[in-house]
Amino acid sequence: MSNKVRVRFCPSPTGDPHVGMVRTALFNWAFAKHNKGTFVFRIEDTDAARDSEESYKVLLDSMRWLGLNWDEGPEVGGPFGPYRQSERMDIYKDVAKKLHEKGFAYHCYCTQDEVEERRKAQKEKGQTPGYDAHCRELTDKQVSDFKALGREPVLRFRMPSKTITWNDLVRGELSFEHEHIPDYVLVRANGDPLYTLVNPTDDALMEITHVLRGEDLLSSTPRQIALYEAFKQIGVGQGITPEFGHLPYVMGEGNKKLSKRDPESSLLMYRREGFLPEGLLNYLALLGWSFGDDIEFFSMKEMADNFEISRVSANPARFDIKKCTAINADWIRKLSVEELANRMEKQLIEVGVLPNSPSKEQKDLLLAATPLVHERLETLSQVPGMLSFLFVEEKDFVVDHEDAEKSLTHDILPALEASVKIIKELPEFKTEKLHDELNRVLVTEMGLKARIVFTALRVAVTGRRVSPPLFESMEIMGREKVISRIEKHLKK
RNA sequence: GCCCCUGUCGUCCAGUGGCCUAGGACGCCGCCCUUUCACGGCGGUAACGCGGGUUCGAAUCCCGUCGGGGGUACCA
């Protein structure tokens with residue numbers, strides 16, 4: 001039982017979910033699946049000032065949208081709950097108390113200003129700045145003096161005087177000398193437990209075996225390893241120190257870490273823009289991990305089957321929206337016509353091109369139109385632009401002004417007139433017949449340039465110079481609509 | 001300042017002493033296909049940060065150097 005892999009993803013519910021966060025979740029998920037382990041989802045909401053219930057809901061919804069299902073966590077439960085830290089405050093208080101009683105942590109009465117001042121002095125001398133262990137060995141007298149001054153202490157962890165080394169799953173052996181890891185605060189003066197305490201506490205209690213997290217937490221790892229050793233002695237958890245793997249950053253434009261403020265970092269933006277979860281995840285998997293054999297297009301199942309942590313790279317990766325889009329386009333092409341129609345329907349409803357419950361006719365029309373755009377789409381958000389001409393009411397149908405000016409010139413009117421005549425007399429209103437007849441008369445007999453004349457027809461019928469294939473579009477629109485749209489221009 | 005991580009085409013990834021005159025993908029540029037836009041096909045562009053070693057042989061090992069990033073909190 002004890003060698004079963006347990007990993008966790010533990011975001012704070014602050015603001016929009018971030019793509020870097022999604023990447024971390026994905027790698028943890030894949031690692032769990034690959035090792036037939038457990039994927040724990042924990043919410044780190046101990047910071048009341050920044051966390052919100054709204055973000056919490058978005059977080060859960062996003063994870064579900066992505067299909068990153070958790071084995072234990074909120075709304076799912078599990079043997080180590082609760083999985084929201086805000087519901088575990090008593091646990092942290094208890095652990096803090098034990099650490100203090102057994103001497104692994106001590107009360108520090110220094111004010112932040114005092115600490116800061118001494119830090120500055122250290123810096124000037126070229127020493128590693130950090131807490132100087134001032135309050136490590138206070139006498140009773142000193143304590144009572146501080147109390148008399150009305151000072152409330154923070155709880156600091158007593159770092160052992162030794163080098164801390166671990167074998168990082170993605171970076172290999174890493175080592176920190178003890179003089180570079182000062183005693184750090186576990187509990188604030190006001191009693192709030194800090195990340196430094198709650199995160200390792202929960203990992204220990206939830207029996208996490210592997211910690212895969214962002215590079216930003218790299219420097220806090222030695223402190224946590226020391227804490228785990230203390231946990232072992234005071235009986236918190238099973239006495240296991242997890243293995244650590246530090247994932248590289250996801251960078252934005254320039255050389256900056258993709259920050260929460262960048263719109264390109266917002267998962268919600270990708271969702272709104274019509275990225276498929278499959279596509280986004282596939283792209284994110286490529287940031288820092290490779291399948292091997294030059295394979296870049298794969299499903300999450302395939303990723304999980306092949307996920308070796310040793311193939312994770314340590315270099316920061318730039319998020320490239322173009323490549324992300326290209327992969328998304330591949331995923332769209334891979335969808336079946338029915339599946340794509342389904343997803344397009346949702347998109348069209350969202351932007352109001354279709355009503356909330358589309359009619360049978362509308363659904364059929366959409367299904368018929370799907371093959372026409374299947375290879376043309378990069379994201380679902382492009383659907384309305386390509387297809388709303390099919391769904392719009394005739395009275396609302398508008399032709400792009402600029403396109404009309406370029407293509408629907410005065411000298412093209414005779415061709416439009418001829419087209420109407422042909423279309424009206426066509427015995428069968430089918431793509432091939434439309435093509436053959438219009439081509440025969442307009443191009444062969446009248447000697448017009450196909451490019452010119454068909455572009456004019458395209459603009460008249462679809463409203464744009466760029467559109468899905470013309471004759472197919474005409475066929476699914478129906479004869480009357482096509483005629484009325486062309487005639488509209490003849491009357492002008 | 002000190003500590004840590006990191007350095008292959010514009011970008012992401014492959015490459016772990018000879019398969020490398022460095023491979024793939026995205027991008028970009030041509031050409032073909034084509035009534036538009038795409039898809040597809042073909043071709044091209046472009047990189048081992050630098051300097052020393054080690055070795056018959058280095059992108060791969062060692063040393064140095066330079067660059068990028070992060071940490072140095074009663075943030076995470």
Side-chain angles (χ1 to χ4, degrees), chain A residues 10-12 14 44 46-47 50 108 110-112 115-116 119 122-131 152-156 168 170-171 174-177 179-182 184-192 194-196 198-199 213-222 246 248-249 251 255-257 283 286-297 311 313-327 329-330 333 372-378 382 386 403 407 435 438-439 442-443 449-459 462 464-471:
Chain A
C10 52
S12 293
T14 59
E44 307 225 329
T46 52
D47 188 346
R50 299 196 309 154
C108 165
C110 298
T111 64
Q112 293 183 58
V115 171
E116 185 50 43
R119 222 194 315 267
Q122 289 171 320
K123 249 186 190 177
E124 277 162 22
K125 280 191 275 180
Q127 295 170 333
T128 302
Y131 187 69
E152 290 293 338
V154 298
L155 186 67
R156 271 188 200 275
D168 196 272
V170 345
R171 284 153 215 270
L174 259 29
S175 181
F176 285 77
E177 302 296 328
E179 60 262 37
H180 300 304
I181 324 161
Y184 60 97
V185 176
L186 296 168
V187 182
R188 276 187 178 134
N190 68 6
D192 288 347
L194 258 16
Y195 167 84
T196 50
V198 300
N199 179 276
R213 43 145 58 154
E215 185 182 343
D216 47 335
L217 273 334
L218 187 61
S219 57
S220 72
T221 305
H246 290 90
Y249 284 116
M251 316 285 275
N255 239 351
K256 287 173 306 204
K257 188 182 159 197
Y283 175 66
L286 261 18
L287 258 34
W289 179 75
S290 63
F291 200 98
D293 301 326
D294 288 333
I295 293 171
E296 292 205 325
F297 186 77
R311 286 197 73 86
S313 143
N315 320 19
R318 216 103 32 177
F319 190 99
D320 181 1
I321 185 90
K322 285 210 177 112
K323 178 143 186 179
C324 184
T325 304
I327 288 184
D330 282 343
R333 277 173 225 127
L372 307 188
V373 296
H374 205 154
E375 292 180 336
R376 272 162 250 264
L377 288 170
E378 293 178 307
Q382 294 165 342
M386 287 184 191
D403 286 354
S407 302
H435 172 267
L438 287 168
N439 194 61
L442 301 174
V443 180
K449 274 219 155 86
R451 242 184 98 89
I452 309 278
V453 70
F454 289 129
T455 300
L457 271 176
R458 182 186 305 282
V459 173
T462 71
R464 295 182 172 200
R465 280 152 63 93
V466 173
S467 81
L470 180 57
F471 306 111

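Worth saying up front: this structure is predicted, and the values here are computed from it rather than measured.
Between the CD1 atom of Ile181(A) and the P atom of A73(B) there is a distance of 14 Å, rounded to whole Å. Look at CG on Asn315(A): it is 6 Å from P on C13(B), rounded to the nearest Å. Protein atom CG of Leu372(A) is 16 Å distant from nucleotide atom P of C39(B), rounded to whole Å. Atom C1' of nucleotide C12(B) and atom CD1 of Ile321(A) are separated by 14 Å, given to the nearest angstrom. Separating the CG atom of Leu286(A) from the C1' atom of A25(B) is a distance of 8 Å, rounded to the nearest angstrom. One can place NE2 of His246(A) at 20 Å from P of C3(B), the figure rounded to the nearest angstrom. Taking atom CZ of residue Phe291(A) and atom C1' of nucleotide A14(B), one finds them 14 Å apart after rounding to whole Å. Straight-line distance from the OH atom of Tyr195(A) to the P atom of C75(B): 14 Å, rounded to whole Å.
Under 3.5 Å, the side chains of Arg171(A) and His246(A) contain no donor-acceptor pair of N or O atoms.
Other residues, nucleotides and ligands place more than 12 heavy atoms under 6.0 Å from the CZ atom of Arg119(A).
Contacts of Leu217(A) with the nucleic acid, taken as non-hydrogen atoms under 4.0 Å apart, include base atoms. If you check every strand for non-hydrogen atoms under 4.0 Å, Tyr184(A) touches nothing. Ser290(A) comes within 4.0 angstrom of sugar-phosphate atoms only, judged by non-hydrogen atoms across all strands, and of no base. Residue contacts for Cys10(A): at a heavy-atom cut-off of 4.0 Å it reaches no nucleic acid atom on any strand shown. Residue contacts shown for Pro469(A) include a base, since a base heavy atom lies under 4.0 Å away. Phe176(A) comes within 4.0 angstrom of sugar-phosphate atoms only, judged by non-hydrogen atoms across all strands, and of no base. At the heavy-atom level, Ala189(A) lies under 4.0 Å from base atoms of the strands shown. Within the nucleic acid shown, Arg156(A) comes within 4.0 Å of sugar-phosphate atoms alone, with no base atom in reach, counting heavy atoms only. Contact annotation for Val185(A): backbone-only contact, meaning every heavy-atom pair under 4.0 Å involves sugar-phosphate atoms and none involves a base. At a threshold of 4.0 angstrom between heavy atoms, the contacts of Arg464(A) with the nucleic acid are absent. Asp216(A) comes within 4.0 angstrom of a nucleotide base, judged by non-hydrogen atoms across all strands. Within 4.0 Å (heavy atoms only), Gly292(A) reaches no atom of the nucleic acid at all.
Using atom P as the reference point in both A59(B) and G52(B), the two lie 14 Å apart (nearest Å). Across C29(B) and U72(B), the matching C1' atoms stand 48 Å from one another, rounded to whole Å. The gap from the C1' atom of A46(B) to that of C9(B) amounts to 5 Å, rounded to the nearest Å. Comparing U16(B) with G70(B), their C1' atoms are spaced 27 Å from each other, to the whole Å. Taking the C1' atoms as reference points, C61(B) lies 33 Å from U45(B), given to the whole Å. Look at the C1' atom in both G10(B) and C28(B): the space between them is 9 Å, to the nearest Å. Spacing between G49(B) and U8(B) at atom P, rounded to whole Å, works out to 6 Å. Distance check on atom C1': C74(B) versus C4(B) gives 24 Å, rounded to whole Å.
The nearest heavy atom of RNA chain B to Gln112(A) and to Lys322(A) marks one nucleotide each, and the one closer to the 5' end goes with Lys322(A). Projected onto RNA chain B by closest heavy-atom contact, Thr455(A) and Ala326(A) fall at different nucleotides, the more 5' of which corresponds to Ala326(A).
Residue Arg171(A) places no side-chain atom within donor-acceptor reach of the base of U6(B), judged by atom type and a 3.5 Å distance cut-off alone. The base of G70(B) has none of its N or O atoms less than 3.5 Å from a complementary donor or acceptor on the side chain of Glu215(A). The base of C39(B) does not come close enough to the side chain of Arg376(A) for any donor and acceptor atom to sit less than 3.5 Å apart.
Shown here, C5(B) is classed anti by the O4'-C1'-N9-C4 or O4'-C1'-N1-C2 angle, which is more than 90° from 0.
Within the shown strands, C13(B) is the pairing partner of G23(B) under the Watson-Crick or G-U definition, both distances less than 3.5 Å. Figure legend. U72(B) is base-paired to G1(B); pairs are counted as Watson-Crick or G-U wobble with both atom distances under 3.5 Å. C37(B) is unpaired under the criterion used here, namely a Watson-Crick or G-U wobble arrangement in which both key atom distances are under 3.5 Å. Across every strand in view, C50(B) sits in a pair with G64(B) that passes the Watson-Crick or G-U test at under 3.5 angstrom.
In the set C37(B), G24(B), A76(B), C37(B) carries the atom at the smallest distance from any side-chain atom of Val466(A). Looking at the side chain of Arg119(A), the nearest of the listed nucleotides U72(B), G24(B), C4(B) is U72(B). The side chain of Arg311(A) lies closest to A14(B), out of U35(B), G10(B), A14(B). Side-chain atoms of Leu194(A) lie closest to A76(B) of the nucleotides A76(B), A25(B), C3(B).
Figure legend: cation-pi geometry between Arg156(A) and Tyr184(A) absent, as NZ or CZ is not positioned both under 6.0 Å from the six-membered ring centre and within 45° of its axis.
In this structure, the salt bridge (charged side-chain N to carboxylate O under 4.0 Å, His left out) partners of Asp330(A), at least two apart in sequence or on a different chain, are Arg333(A). Contacts of Phe291(A) classified as ring pair (Phe, Tyr, Trp, His ring centres under 6.0 Å), with partners at least two apart in sequence or in another chain: Trp289(A), Phe298(A).
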Could you walk me through whether Asp320(A) and Tyr283(A) pass the side-chain contact (heavy atoms from CB on, under 4.5 Å) test, one step at a time? CA-CA 9 Å; Asp320(A) 181 1; Tyr283(A) 175 66; 3.5 Å; yes
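Across all their heavy atoms, Thr462(A) and Ser467(A) have their closest contact at OG1-CB, 3.4 Å. Met386(A) and Leu377(A) get closest at one heavy-atom pair: SD-CD2, 3.8 Å. A pairwise comparison of heavy atoms in Arg465(A) and Ser407(A) identifies NH1-OG, 3.1 Å as the closest pair.
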